[in-house]
Amino acid sequence: MGDNAPSIPRGGAASRLDLDYREAAWHRLESEPFDVVVIGGGVTGAGAALDAATRGLSVALVEARDFASGTSSRSSKLFHGGLRYLEQLEFGLVREALRERELMTSYLAPHLVKPLPFLYPLTHRAWERPYVASGLALYDTMGGASSVPGQKHLTRAAALRMFPSLRRDALVGAVRYYDAQADDARHTLTVVRTAARYGAVVRASTQAVGFAHESDRVVGVRVRDAEDGRETTVDAGVVLNCTGIWTDEIQALSGGRGRFKVRASKGVHIVVPREKITGDTGLILRTETSVLFVIPWKNHWLIGTTDTEWTHDLAHPAATRSDIDYLLERLNAVLVSPLTPDDIEGVYAGLRPLLAGESEETSKLSREHDVARVVPGLISIAGGKYTTYRVMAADAVDAGAEDLPKLVPPSCTDKVPLLGADGYFAMRNQVDALAAEYGLHPYRVLSVLDRYGSMIRDVLEPGLTAAALLSTVPTAPDYLLAEIRYAVTHEGALHLEDVLTRRTRISIEYPHRGVGSAAAVADLMAGILGWDAAARAREIDRYTARVEAERASQTTGDDAAADAVRTAVPEVRAHLADLGSPAVAR
Ligand SMILES: Cc1cc2nc3c(=O)[nH]c(=O)nc-3n(C[C@H](O)[C@H](O)[C@H](O)COP(=O)(O)OP(=O)(O)OC[C@H]3O[C@@H](n4cnc5c(N)ncnc54)[C@H](O)[C@@H]3O)c2cc1C
């Protein structure tokens, strides 16, 4: 690197993912060899980058679109053992997941991952209560020590007091149990920034488009800047393919066959206002093939999910009218006051990366993960659940370590709190003082604290000199303008959709789906990112077109029609290469 080449600061400042960082990161990708190059900035790739960096390895993480733009922003947002998997006798998976849930809520990310009570309505007299009780007894104990309360048995009357919107004839009694919840996109982003804090070079809008080989071994990754089209080759001791539903695409790109195949299963959620359903807990409802969750989410409910095979565009899975009707129908079967499509504030669809197996039904495929060496120097990891990302990441790095000519220490991420965790509990106790300092309501400070943890001062401080930043985002009053600024100055947001759909969740939390806030948010972003009037207008146009296409797809009757409508909108990242996704070609 020449003397004038930009450099990445060390220590805490390394997690400030602004445009200078982005440029410096490109120079390092061009000029330095890395022990580990991770492809994919979902939770698995972010976790792998953090795992490898904290083992003392040099690491680069490249993400084609935005961090968490794949499945990791589109889940049910639960850190859970999975009662359903207990029934499928996947004890190992459940035990592992419960251990992770405890670690996240108590130590690694208590600012982001919160315990949440659920009600399990019983519909059969006699046999069901002991059956559920014994399952939950396992659930309460198999993950080891747990800081959430154990199961509690309720009569029908007590359950209806806890959840008054439930129809009386929808249950004969209930059991309350606990799981945990997080904003998945924000959590993934925090893992990415923590990896950067420990020295990983992390870069969004950076797509892997090919591999460099030495004989039959992968020795590097060809990457393209999806914003401006420039390309370079990154030297790698080992490459970790953490691309979820794109696993097969990357395996094919390497010339290797890969030991496993990944199938995409679509899951749709709808978002409705909190006041439409009265209840103090979440709900878990049985369906013919799976379960339906009704999950409290700030002043909304998330309701999902469906589980059907998807064979269309992987980047933009689209919900259909039939998906929405299915969710409403299942939900309305247990509600005193049924909901209608007009009650829906937001809709999102995600694709589960399931290891292809014998079963035709995606709901029966295993949620276990698998790691395989595709060719020497390239490891693929796929399957699993969000909850177990840390374990998956450690397994991927363990496998990759065998390709490195050095001794690699074991994973230590169970002892590495994510950014914002350190000091979080103390700051919660100091909410009133923080509120007075910034002239905000304590409740507002609490909600900001639960998104940024102890980094809250970095978010709010600019508001002390530019007071407008402490006012709310037009038409999205749950968020402050300071958060929009921070998304660009520290969290690597490059486009309007990054801010409206992942740094904030405005796109699913307001009936205007972000369009009403687009102009104000674009104004603030333009000043920091240097957009001219044409760039600002393009961002707003693209975002609006995306929302209109999503709305239109939600009126169609089948996946093919929904996909055609949704994919007609051009990508906001103009230089993404088409790698010929196998799922589309099928
Ligand atoms: C509807 C639904 C509900 C779910 N609910 C839960 C839940 O409540 N709890 C739970 O534990 N799990 C849940 N899951 C599962 C969980 O969300 C996933 O297992 C997890 O998010 C997968 O993360 P990932 O990093 O492997 O994949 P992804 O998040 O998809 O990340 C892969 C990344 O690779 C990038 N990429 C692709 N190609 C390239 C390339 N060429 N170059 C660079 N980058 C590339 C993509 O852009 C993407 O960001 C749910 C899944 C779905 C679909």
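Note that ligands are numbered from 1 as they come in the structure, with each ligand's atoms numbered from 1 the same way.
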Q: Tell me yes or no: between the side chains of T232 and E30, is some donor less than 3.5 Å from an acceptor?
A: no
(Q) Test of understanding: given a 4.0 Å heavy-atom threshold, classify the contact between K266 and ligand 1 as side chain, backbone, both, or neither. (A) neither
Q: Give a yes/no on ligand 1: does M392 have at least one heavy atom closer than 4.0 angstrom to it?
A: no
Q | Residues Y120 and R286: side-chain donor-acceptor under 3.5 angstrom | A | yes
Q.
Quick test: of every protein heavy atom, which one is nearest to atom 6 (C) of ligand 1, and how far off is it to 0.1 Å?
A. S75 CB, 3.6 Å
**Q.** Per-atom contacts of ligand 1 with I250, taking only distances under 4.0 Å to non-hydrogen atoms
**A.** 41 (N)
Q: Give a yes-or-no answer on whether the side chains of T567 and D313 include a donor-acceptor pair shorter than 3.5 Å.
A: no
Q.
Just to confirm my output: which protein heavy-atom neighbour is closest to atom 5 (N) of ligand 1, and how far is it?
A. S76 N, 2.9 Å
Q | Heavy-atom proximity to atom 18 (C) of ligand 1, best of N241, T71, L579, T188 | A | T71
Q) What is the closest protein heavy atom to atom 27 (O) of ligand 1, and at what distance does it sit? A) G244 CA, 3.9 Å
Q.
Just by distance, no angles: are the side chains of R197 and S15 close enough, under 3.5 Å, to form a donor-acceptor pair?
A. no
Q: Would you mind telling me which of E227, E63, R65, H495 makes a side chain to side chain donor-acceptor pair (under 3.5 Å) with S205?
A: E227
(Q) Please list, in number order, the atoms of ligand 1 under 4.0 Å from a heavy atom of T305. (A) 1 (C)
(Q) Please classify the Y386 to ligand 1 contact at 4.0 Å (heavy-atom distances, strictly less than): side chain, backbone, both or neither. (A) both
Q.
Using a strict threshold of under 4.0 Å (side-chain N to carboxylate O), is an ion pair present between E509 and K298?
A. yes
Q. Is any side-chain heavy atom of H80 closer than 4.5 Å to a side-chain heavy atom of T387?
A. yes
Q. Is E249 touching ligand 1 with its side chain, its backbone, both, or neither, if touching means heavy atoms under 4.0 Å apart?
A. neither
Q | Atoms of ligand 1, numbered as shown, that sit under 4.0 Å from any heavy atom of H269 | A | 1 (C)
**Q.** Identity and separation of the nearest protein heavy atom to atom 44 (N) of ligand 1
**A.** A64 N, 3.0 Å
Q.
Which of the numbered atoms in ligand 1 are under 4.0 angstrom from any heavy atom belonging to C242?
A. 32 (C)
Q: Taking only heavy atoms of R74 into account, list the atoms of ligand 1 that are under 4.0 Å away from them.
A: 1 (C), 2 (C)
Q. Would a line drawn from the ring center of H187 to the ring center of F79 be shorter than 6.0 Å?
A. yes
Q. Considering only heavy atoms of K77, which atoms of ligand 1 have at least one such atom less than 4.0 Å away?
A. 8 (O)
Q. Is the CZ atom of R373 crowded by more than 12 outside heavy atoms at less than 6.0 Å?
A. yes
Q.
Using heavy-atom distances only, which candidate in S72, P317, G42 approaches atom 22 (C) of ligand 1 most closely?
A. S72
**Q.** Member of R274, R505, E345 meeting the side chain to side chain donor-acceptor pair (under 3.5 Å) criterion with H300
**A.** E345
Q. What protein heavy atom sits nearest atom 7 (C) of ligand 1, and how far off is it?
A. L78 O, 3.5 Å
(Q) Is there a polar contact between ligand 1 and L351, counting only N or O atoms under 3.5 Å apart? (A) no
Q.
Would V43 count as being in polar contact with ligand 1, using the rule that some N or O on each side must be under 3.5 angstrom apart?
A. yes
Q. Of G40, A185, A180, which has the heavy atom at the shortest distance from atom 34 (O) of ligand 1?
A. G40
Q | Test of proximity, Q207 against ligand 1: N or O pairs below 3.5 Å | A | no
(Q) Is it true that T233 and R222 share a donor-acceptor pair across their side chains at a distance under 3.5 Å? (A) yes
Q | Side-chain donor-acceptor pair present, T287, R330, cut-off under 3.5 Å | A | no
Q) Do H316 and E571 meet the criterion of a side-chain donor-acceptor pair at a distance under 3.5 Å? A) yes
Q) Which protein non-hydrogen atom lies closest to atom 35 (C) of ligand 1, naming both residue and atom, and how far is it? A) E63 OE1, 3.2 Å
Q. Short list, please: which atoms of ligand 1 are under 4.0 Å from a heavy atom of G384?
A. 19 (O)
Q.
Please tell me whether D184 and S72 have a donor and an acceptor in their side chains that are separated by less than 3.5 angstrom.
A. no
Q: May I ask you to identify the nearest protein heavy atom to atom 41 (N) of ligand 1, giving residue, atom name and distance to one decimal place in Å?
A: A208 O, 3.0 Å
Q.
Judged on heavy-atom distance to atom 25 (O) of ligand 1, which of V221, T387, T44, L576 sits nearest?
A. T44
Q: Pick whichever of D184, V191, I39, T243 has a heavy atom sitting closest to atom 36 (N) of ligand 1.
A: T243
Q. If you measure only the distance, is there a donor-acceptor pair under 3.5 Å linking the side chains of S380 and Q251?
A. yes
Q | Atoms of ligand 1, numbered as shown, that sit under 4.0 Å from any heavy atom of V62 | A | 43 (C), 44 (N)
Q | Any donor-acceptor N or O pair under 3.5 Å, side chains S322, D325 | A | no
Q) Closest non-hydrogen protein atom to atom 52 (C) of ligand 1, residue and atom name please, with distance? A) R352 CG, 3.6 Å
